[in-house]
Amino acid sequence: MNALHYGDNLDVLRGFPPESVDLVYLDPPFNSNANYNVLFKSPQGQDSQAQIEAFEDTWHWGEQAEGEYRELLRQENTDVAQMMEALRRFLGENDMMAYLTMMANRLLKLHIVLKPTGSLYLHCDPTASHYLKIVLDGVFGKENFRNEIIWKRSYGHGDSRRSMGRSHDAIFYYTKSASYILNRFFHEHDPRYLETMFRYEDERGRYKHENLNSPSPRPNLTYEYKGYPPPELGWRVSLKVMEELDRDGRLYFPPNPQGRIKRKVYLNELGGQPMTDMWTDINPLSAAQHERLGYPTQKPLALLERIIQASSNPGDVVLDPFCGCGTALHAAQKLGRAWIGIDITHLAISLIEKRLRDAFPGITFETHGTPKDFAGAEDLARRDKYQFQWWACSLVNAQPYGGKKKGADGGIDGLIYFQDDATGATKRIVVSVKGGDKVQVPMIRDLAHVVEREKAAIGLFVTLARPTAPMLKEAASVGFYECPHNKKAYPKIQILTIEGLLSGHERAEYLDLSLGAVTFKKAPKEKGPKAKQAKLL
């Protein structure tokens, strides 16, 4: 069974069996001192897009970093311990050291869960790539470094006044041992290369001349063929092979008898340019592409498909411990691999759940770490109010709204867009989430004011605590919203409890002819038969 895990990947990975994963892809925060917002879909004619902070890509040395550093010194890999001590002496207790400490601990756990034949791809940018490679060498051994893949993710930026425009990411490719999976692939040929090299044509098609000279002395292959003298260092092929090429019409004989015989290489028999570590043929996502879901660091599906196809086989297990919006999981599902995703925000988990169900109707997977009952919801509300709000919004299929700054939401925690008439006009539902132990009548009045201010059709009051009788009475007094399509009246203020939503006994009441299509960007449905799901762990 495929699985999503909510939580700190360091804690989640501790529960995984050793040597249980075939391929790890991770695209961790880059320590770029930037805050990244998810941009949700905003129907035409509505105000600016709802935004919510997905993560803060900033690290600081503090109690947690010190604790994780001490853990690094106590673990079994002494090379990593010595390396981290040296880095701390060089860098000091700063943001970069905090970031590298966080990464080193997680890379050690990922090394443990990888099978002996497993591979790891770490996606990063120049901010910390030079330090990360040192950490990876310590964890995996420098002998298991395979490639630094350069992915051209954009064209040069015009705002780079004091440096050259940065247009690439690095992807470090390591294996756990010398025995690993590598399925070769081909890039498309550059049109200029084809025009320059494949200049000849016969009844078989376009071809180029390939040198048959040996690059090193080969006395045993120094022979004359049909009057043509051998090259100074000998031929590249034996006499038997030369005769086979001749019979098959694959040799070019120059008019000058002192010239060199060459091999004909036909374009239609080549698979493309053999794989290299320079990937310029996968374009970054543009804002207009259907694949784009609004997640700030979303990578193209084609990029993850290439990595997964290169270093795993159908039925293998793919793990993404920083799974963001789930591109690696989407690619794994599409290619018939089992998968595991981990993320520390409910926002990411809910986005991935929706993405996978849109792309693969009927898909089944488990989600661990999210509240499954009232006690779990209470615990989340106590631990993290914002994670609770994002999770509660997912229960009513609402976009989370507003950030963590006080007053930023204007009394709105979520938004739902819907259509309920023949004109296709988009209308809004505002959602207010309360995770406290007590709720009161003024909260209902506040929501009614927000609905009126925002010119919304309906307001949803989602509460962990049970509403009081006066609150129910206050909500009823606000009146009803009449649906133009079926003339049915729906309560303008609807109170929904977390307990009722989890049990399925309660749900928001309204008609949406779009079936949710105007609330979220929808991942395109994958064509063809659904990939066979492999057994996980």
Side-chain angles (χ1 to χ4, degrees), residues 8-14 24-36 53-112 114 120-151 153 157 160-174 176 296-297 321-322 324 342-345:
D8 186 330
N9 49 28
L10 188 62
D11 297 328
V12 175
L13 288 168
R14 289 189 177 107
V24 173
Y25 169 81
L26 63 158
D27 181 13
F30 290 172
N31 197 31
S32 58
N33 292 316
N35 292 355
Y36 290 96
E53 190 174 295
F55 59 87
E56 183 180 340
D57 192 359
T58 308
W59 309 89
H60 304 292
W61 191 269
E63 185 177 343
Q64 180 178 351
E66 187 67 50
E68 289 200 20
Y69 177 78
R70 291 177 182 276
E71 185 177 340
L72 284 172
L73 300 185
R74 293 193 298 267
Q75 51 81 39
E76 295 179 355
N77 188 325
T78 56
D79 287 344
V80 171
Q82 293 173 5
M83 174 196 64
M84 295 304 292
E85 285 183 309
L87 282 171
R88 184 170 183 176
R89 285 195 297 272
F90 176 64
L91 294 171
E93 292 82 22
N94 60 11
D95 295 353
M96 181 59 75
M97 189 63 204
Y99 175 73
L100 295 174
T101 299
M102 180 276 294
M103 288 300 301
N105 255 323
R106 284 150 182 82
L107 288 168
L108 284 164
K109 299 297 184 294
L110 292 170
H111 185 266
I112 291 171
L114 263 183
L120 177 140
Y121 289 77
L122 190 154
H123 196 135
C124 57
D125 75 354
T127 306
S129 59
H130 45 305
Y131 294 122
L132 284 171
K133 189 174 185 304
I134 294 173
V135 174
L136 285 162
D137 282 348
V139 174
F140 283 83
K142 59 183 180 298
E143 69 279 4
N144 289 317
F145 168 69
R146 302 300 165 198
N147 286 101
E148 179 183 359
I149 298 163
I150 299 300
W151 174 51
R153 57 172 169 75
H157 296 290
S160 303
R161 296 183 180 181
R162 302 291 295 173
S163 66
M164 300 180 188
R166 295 174 181 173
S167 63
H168 79 276
D169 285 352
I171 304 173
F172 291 124
Y173 168 35
Y174 281 76
K176 192 166 183 177
T297 58
F322 294 88
I342 309 171
D343 203 274
I344 200 167
T345 72

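The OG1 atom of Thr101 lies 7.5 Å from the OH atom of Tyr69; values are rounded to the nearest 0.5 Å. Atom CD of residue Glu66 and atom CE of residue Met97 lie 9.5 Å apart, to the nearest 0.5 angstrom. The CD atom of Glu148 sits 10.0 Å away from the CD1 atom of Ile171 when rounded to the nearest 0.5 Å. Here CD of Glu93 is found 4.0 Å from CZ of Arg88. Values are rounded to the nearest 0.5 Å. Rounded to the nearest 0.5 angstrom, Phe172 CZ and Asp137 CG are separated by 9.0 Å. Rounding to the nearest 0.5 angstrom, the gap separating the CE atom in Met83 from the CG atom in Asp79 is 8.5 Å.
Annotation for Gln75: atom CD counts as buried by contact number, over 12 foreign heavy atoms lying within 6.0 Å. Counting heavy-atom neighbours within 6.0 Å of Glu143 CD, excluding the residue itself, gives a total above 12.
Not counting sequence neighbours, Glu85 has no partner by the salt bridge (Lys or Arg N to Asp or Glu O under 4.0 Å) test. Contacts of Tyr174 classified as ring pair (Phe, Tyr, Trp, His ring centres under 6.0 Å), with partners at least two apart in sequence or in another chain: Phe140, Phe145.
Closest of all the heavy-atom pairs between Asp95 and His60 is OD1-ND1, 3.2 Å. Of all the heavy atoms in Tyr99 and Pro28, the pair that sits closest is OH-CG, 4.2 Å. Contact detail for Val24 and Pro321: the closest heavy-atom pair is CG1-CD, 4.2 Å.
For the pair Ile134 and His130, the minimum side-chain heavy-atom distance is 4.5 Å or more. Side-chain contact between Leu72 and Glu68: absent, with no pair of heavy atoms (C-beta onward) separated by less than 4.5 Å. The closest side-chain heavy-atom distance from Leu26 to Leu107 is below 4.5 Å. At least one side-chain heavy atom of Leu100 sits under 4.5 Å from a side-chain heavy atom of Leu132. Counting heavy atoms from C-beta on, the side chains of Val139 and Leu110 never come closer than 4.5 Å. Within the 4.5 Å cutoff, the side chain of Met103 has heavy atoms near those of the Leu122 side chain.
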Start with the C-alpha distance between Phe322 and His123, add both sets of side-chain angles, then the distance that settles side-chain contact (heavy atoms from CB on, under 4.5 Å), and finish with yes or no. CA-CA 11 Å; Phe322 294 88; His123 196 135; over 6 Å; no
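Asp125 places no side-chain N or O within 3.5 Å of a backbone atom of Asp169 that could act as its donor or acceptor partner.
A salt bridge links Asp8 and Arg106; the closest N-O separation between the charged side-chain nitrogens and carboxylate oxygens is under 4.0 Å. Taking a cutoff of 4.0 Å between a charged side-chain nitrogen and a carboxylate oxygen, Glu71 and Lys109 qualify as a salt bridge.
Taking the six-membered ring where the residue is Trp, Phe90 and Tyr131 present tilted rings, their angle falling between 30° and 60°.
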